[in-house]
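These figures come from a predicted structure and were not determined experimentally.
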Amino acid sequence: MSTRFTGSNSESPPSAHGISAHHLLPGAREALNDFGEATYDGPCPPHGSTHRYELTLYALHAPMPASFDGSTPPAQTLQEIKRRAFASATLVAPYTRH
């Protein structure tokens, strides 16, 4: 699991075409992932095997507390995100590295 979350003052302008790798919008924070790092490095399945990746976007009714940061355990962060969510959407993507 890898998590990025933004505060209520973080918005991507309508003209934006994406966010550069390893750059966050002002006010955004990254939470710890399952590897114990506060970053997203992308999919990396073993050569020749296909993994399913689930990417979930949550719409929150309130910003995450400042106490949730790069030291909060991933399960605790996800639990708090789900508690604050009023909507979510999930994309499931298979990925094979050759």
Side-chain angles (χ1 to χ4, degrees):
M1 178 183 95
S2 182
T3 305
R4 286 185 175 188
F5 50 91
T6 63
S8 59
N9 63 347
S10 298
E11 294 185 14
S12 180
S15 60
H17 294 281
I19 300 172
S20 299
H22 300 287
H23 289 87
L24 299 175
L25 294 172
R29 294 173 277 158
E30 288 186 305
L32 282 179
N33 60 29
D34 290 337
F35 299 108
E37 300 171 345
T39 189
Y40 175 75
D41 289 322
C44 190
H47 287 284
S49 70
T50 300
H51 282 227
R52 274 177 28 125
Y53 291 89
E54 292 187 19
L55 308 169
T56 303
L57 174 68
Y58 295 94
L60 307 182
H61 62 80
M64 291 291 287
S67 60
F68 281 78
D69 59 17
S71 64
T72 306
Q76 184 180 349
T77 300
L78 184 57
Q79 180 181 9
E80 185 64 19
I81 288 171
K82 287 181 176 180
R83 191 178 76 72
R84 294 170 179 271
F86 65 86
S88 66
T90 301
L91 169 71
V92 179
Y95 179 75
T96 304
R97 188 169 70 155
H98 299 280

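- Apart from Phe86 itself, the hydrophobic cluster it occupies contains nothing, where clustering links Ile, Leu, Val, Met, Phe, Trp and Tyr at side-chain heavy-atom distances under 4.5 Å.
- Here His47 pairs with Arg97 under the side-chain contact (heavy atoms from CB on, under 4.5 Å) rule; sequence neighbours left out.
- Within a 6.0 Å sphere centred on CD of Glu37, other residues, nucleotides and ligands contribute more than 12 heavy atoms.
- Between the CZ atom of Arg29 and the OG1 atom of Thr77 there is a distance of 9.5 Å, given to the nearest 0.5 Å.
- Shown here are the side-chain contact (heavy atoms from CB on, under 4.5 Å) partners of Pro94, two or more places apart in sequence or in another chain: Thr50.
- The side-chain hydrogen bond (donor to acceptor under 3.5 Å, both in side chains) pairs that include a residue from residues 55-64 are Thr56-Thr90, where partners are two or more places apart or lie in different chains.
- The side-chain contact (heavy atoms from CB on, under 4.5 Å) check on Arg52 picks up Glu54, Val92, with sequence neighbours excluded.
- Here Leu91 is tied into one hydrophobic group with Leu55, each link being a pair of ILVMFWY side chains closer than 4.5 Å.
- Contacts of Ser49 classified as side-chain contact (heavy atoms from CB on, under 4.5 Å), with partners at least two apart in sequence or in another chain: Pro45, Pro46, His51.
- Listed by first and then second residue, the salt bridge (Lys or Arg N to Asp or Glu O under 4.0 Å) pairs that reach into residues 83-95 are Glu80-Arg83, Glu80-Arg84, sequence neighbours excluded.
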